[in-house]
*Asks:* 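First the structure, which I've put down as structure tokens, then a few questions once you've had a look.
No experiment lies behind these values; they were computed from the predicted model shown. Naming: A, B, ... by sequence-line order, numbering from 1 per chain.
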2 protein chains.
Amino acid sequence: MEPYRSILQKRGYRMTPQRIAVLRVMAEFGRHMTPIEVFQQAQQELPGMTEPTVYRTLNFLSEQGLLLAAHVGSGQFVYEIALRDHHHLICRECGEALEIGHELLAQLYENLKNQTGFQINSMHVTFFGLCPGCQEKKPSAQISDNSSTAGQQSG
Amino acid sequence: MEPYRSILQKRGYRMTPQRIAVLRVMAEFGRHMTPIEVFQQAQQELPGMTEPTVYRTLNFLSEQGLLLAAHVGSGQFVYEIALRDHHHLICRECGEALEIGHELLAQLYENLKNQTGFQINSMHVTFFGLCPGCQEKKPSAQISDNSSTAGQQSG
DNA sequence: ATCCTTATTGCAACTAGTTGCAATAACTAA
DNA sequence: TTAGTTATTGCAACTAGTTGCAATAAGGAT
Ligand SMILES: [Mn+2]
Ligand SMILES: [Mn+2]
Ligand SMILES: [Zn+2]
Ligand SMILES: [Zn+2]
């Protein structure tokens, strides 16, 4: 926990029991968690803790790079402890999820840098589509109906 | 509006005054809008319309590919009429936003298909980073502090 | 050890978004 | 046209997430 403390202090922020509780929970579980889940767990670590503080803490720690945030599926926000840069592929049909390393996006980010000047640093992107299994079941609605007026599904 | 109607009907859904109102608003404004904005505008088109219906309609039309959804900045969901496939680059520092065509991501999606089998169809992805201007002001915190424990900011 | 500055919290009230369910009304088919 | 099926809506209650502000306490300095 002390490394986290020094990171924050160097930037003029403070380490608090509430932030420790959240970091502890995130480190212990090591997976995507909703704010509500974090709140429930953090309350066990630190009984007095309130909901607004959890939301603010999750947001703050994400900004500081200690946590990763992501939208998965139905627009719910989830968080996880930041250890390795990675991204996610999720099947719109069955929900199957796959984790991929950042290497696969490195070239894209470099191209974007060259063509737009933007230095992209999104290290936890979620892509949606169809998993191999669900592609078979669906007769690839690629060109058939959408083409005229509409584009494609959301991201 | 009739083309939209036939798209939905072919899939077993119905065109309603509420859906027409939302589509009208989205087509008229032609930009990213929050659900609340859409609600206020749609109410003018169709006075009786309620909030839950707007949320459900936005979600439904996104699933059907008639609208695009995206998360921009502070986790707020925005929608826009689906005309052309595109993505967004947003500066974390000053908020500057840039639109890019899908061609820039096509190669990535092809690589993902080859390496994972997933057929990605996210046609409205938002990437965060630093615009050219803000890169100068910030001494590129690339390696300096984050490296040991933490990863990078959220996406 | 004590004081001081101000980042951070808790509270309470608020806004945003979701859900179950009965009533409504598109569309289909006679 | 009319009747029937059921997708969709409105309502109301609910859950999720945000915000202003005064009270608290972390960490630097003495
Ligand atoms: Mn993840
Ligand atoms: Mn857009
Ligand atoms: Zn699948
Ligand atoms: Zn900028």
*Asks:* Would you give a per-nucleotide map of nucleotides 19-30 of chain C, 5' to 3', where B means the base has a protein non-hydrogen atom under 4.0 Å away, S means only the sugar-phosphate does, and - means neither?
*Replies:* BB----BBS---
*Asks:* Counting heavy atoms from C-beta on, name the nucleotide in C:dC11, D:dT9, C:dT9 closest to the side chain of A:Thr50.
*Replies:*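 Ranking C:dC11, D:dT9, C:dT9 by closest atom to the A:Thr50 side chain puts C:dC11 first.
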*Asks:* Go through the structure and list residues passing salt bridge (Lys or Arg N to Asp or Glu O under 4.0 Å) with B:Glu99, not counting sequence neighbours.
*Replies:*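 Here the qualifying residues are B:Arg84.
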*Asks:* Name the atoms and distances for all side-chain donor-acceptor pairs under 3.5 Å in residues 25-45 of chain B, with sequence neighbours left out.
*Replies:*
| unit_1 | atom_1 | unit_2 | atom_2 | d |
| --- | --- | --- | --- | --- |
| B:His32 | NE2 | B:Glu80 | OE2 | 2.9 |
| B:His32 | NE2 | B:His88 | NE2 | 3.1 |
| B:His32 | NE2 | B:His124 | NE2 | 3.4 |
| B:Thr34 | OG1 | B:Glu37 | N | 3.2 |
| B:Glu37 | OE1 | B:Thr34 | N | 2.9 |

*Asks:* Measure the distance from CZ on B:Phe77 to P on C:dG17 and round it to the nearest whole Å.
*Replies:*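 The answer, rounded to whole Å, is 10 Å.
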*Asks:* Salt-bridged, B:Glu2 to B:Arg5, with N to O below 4.0 Å?
*Replies:*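 Between B:Arg5 and B:Glu2 there is a salt bridge, with a charged N closer than 4.0 Å to a carboxylate O.
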*Asks:* Please state whether the phosphate of C:dT18, meaning OP1 or OP2, lies under 4.0 angstrom from any side-chain nitrogen or oxygen of B:Tyr55.
*Replies:*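 The answer is no; no side-chain N or O of B:Tyr55 sits under 4.0 Å from OP1 or OP2.
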*Asks:* Given atom CG of B:Asn59 and atom C1' of D:dT9, what is their separation to the nearest angstrom?
*Replies:*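 B:Asn59 atom CG is separated from D:dT9 atom C1' by 15 Å.
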*Asks:* Are B:Phe118 and B:Tyr109 an aromatic pair, judged by ring center distance below 6.0 Å?
*Replies:*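 No: the rings miss the under 6.0 Å criterion.
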*Asks:* With a 4.0 Å cut-off on heavy atoms, is A:Glu51 in touch with a base, just the backbone sugar-phosphate, or nothing at all?
*Replies:*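 Counting heavy atoms under 4.0 Å across all strands, no contact is made by A:Glu51.
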*Asks:* Atom CD1 of B:Ile36 to atom C1' of C:dC14: distance rounded to whole Å?
*Replies:*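 After rounding, the gap between these two atoms is 13 Å.
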*Asks:* Honestly, is B:Arg19 close enough over B:Phe60, meaning NZ or CZ under 6.0 Å from the six-membered ring centre and within 45° of the axis?
*Replies:*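 That pair qualifies as a cation-pi contact.
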*Asks:* Rounded to the nearest angstrom, tell me the gap between atom CG in B:Leu58 and atom C1' in C:dA16.
*Replies:*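 That distance rounds to 13 Å.
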*Asks:* Should the pair B:His87 and B:His102 be assigned to parallel (<30°), tilted (30 to 60°) or perpendicular (>60°) ring geometry?
*Replies:*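 Tilted: the ring planes of B:His87 and B:His102 meet at 30° to 60°.
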*Asks:* Taking only side-chain nitrogens and oxygens of A:Gln18, does any of them come within less than 4.0 Å of OP1 or OP2 of D:dA25?
*Replies:*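 So the side chain of A:Gln18 is outside the cut-off, no N or O lying under 4.0 Å from OP1 or OP2 of D:dA25.
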